[in-house]
Amino acid sequence: MPAEPSERRVVYQERKESGYCPRCGTKVGKRSKFIYCEDCRSFFREYTRENSKSVNKKRRKLYEERKDNNQCPRCGIKLGKRYKKTLCVKCLDKNK
């Protein structure tokens, strides 16, 4: 793949339109409903699986820290001492 983002996009579009995997360039079956080949799809699945575990740990830790500091766990805004709900008013409105 080329180094420049604009060149990579051109190569991606050319491969995609001609029925090749945009990542590695192998031929993808005509009846396949996916753009990427099976090898690249398995790579993306594993990559996502590995990274999501560490991201979830970081998010959970941040959530607990903010909750302990009397902050909204989502946006981090400081909540009043008498405020009984976990989320702030803005985040509650977004939830609805």
Side-chain angles (χ1 to χ4, degrees):
M1 290 295 277
E4 291 295 318
S6 59
E7 294 173 7
R8 279 190 299 220
R9 188 70 185 160
V10 170
V11 171
Y12 172 88
Q13 289 296 335
E14 288 174 354
R15 287 181 178 176
K16 182 178 166 186
E17 290 170 1
S18 59
Y20 292 98
C21 175
R23 183 171 176 262
C24 65
T26 59
K27 187 72 173 166
V28 179
K30 289 184 179 181
R31 293 188 177 186
S32 176
K33 61 182 180 179
F34 302 106
I35 296 172
Y36 294 97
C37 67
E38 187 57 39
D39 291 336
C40 292
R41 288 179 56 235
S42 66
F43 168 79
F44 289 134
R45 275 194 299 271
E46 285 299 314
Y47 180 81
T48 304
R49 189 174 296 132
E50 290 171 6
N51 287 338
S52 66
K53 290 177 184 175
S54 65
V55 168
N56 286 341
K57 286 179 186 177
K58 289 177 187 176
R59 285 184 182 163
R60 177 48 81 187
K61 183 180 177 188
L62 181 64
Y63 179 90
E64 293 299 329
E65 286 176 2
R66 285 181 173 175
K67 204 171 168 185
D68 292 340
N69 293 332
N70 201 25
Q71 295 174 319
C72 175
R74 284 193 177 174
C75 65
I77 223 169
K78 191 75 174 165
L79 302 173
K81 291 182 181 180
R82 294 185 180 182
Y83 192 77
K84 298 292 181 189
K85 297 180 180 172
T86 306
L87 298 177
C88 69
V89 177
K90 288 181 183 178
C91 291
L92 283 173
D93 288 341
K94 285 180 188 178
N95 246 1
K96 294 180 182 178

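Throughout, residue positions are numbered sequentially from 1 according to the sequence presented.
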* To do: Tell me whether L62 is reachable from I77 by hopping between hydrophobic residues (I, L, V, M, F, W, Y) whose side-chain heavy atoms are closer than 4.5 Å.
  => no
CD of Q71 to SG of C88, rounded to nearest 0.5 Å, is 11.0 Å
(Q) Quick check: do L87 and N95 have side-chain heavy atoms less than 4.5 Å from each other? (A) yes
Scanning both residues in full, the closest heavy-atom pair of P22 with Y12 reads CB-CD1, 3.1 Å
Tightest non-hydrogen contact, residues Y36 and R41, listed as O-CD, 3.4 Å
The reported gap from NZ in K53 to NZ in K57 (rounded to nearest 0.5 angstrom) is 8.0 Å
Same apolar cluster: V89 and L79, side chain cutoff 4.5 Å:
yes
Given the options R9, E7, R15, V11 meets side-chain contact (heavy atoms from CB on, under 4.5 Å) only with R15
Nearest heavy-atom contact between K27 and G19 is CD-O, 3.8 Å
*Is a side-chain donor or acceptor of N70 paired with a backbone partner of G80 at a separation under 3.5 angstrom?*
yes
Closest non-hydrogen contact found for V28 with C21 is CG2-N, 3.6 Å
message = Looking at K61 and E64, is any side-chain nitrogen of the basic one under 4.0 Å from a carboxylate oxygen of the acidic one?
response = no
Of all heavy-atom pairs linking R74 and R66, the shortest is O-NH1, 2.8 Å
Are F44 and F34 connected into the same hydrophobic cluster when the rule is that any two of I, L, V, M, F, W, Y join if their side-chain heavy atoms are below 4.5 Å apart?
no
Between the CZ atom in R59 and the OG atom in S52, the distance rounded to the nearest 0.5 Å is 9.5 Å
- Query: Does NZ belonging to K90 count more than 12 external heavy atoms closer than 6.0 Å?
  - Reply: no
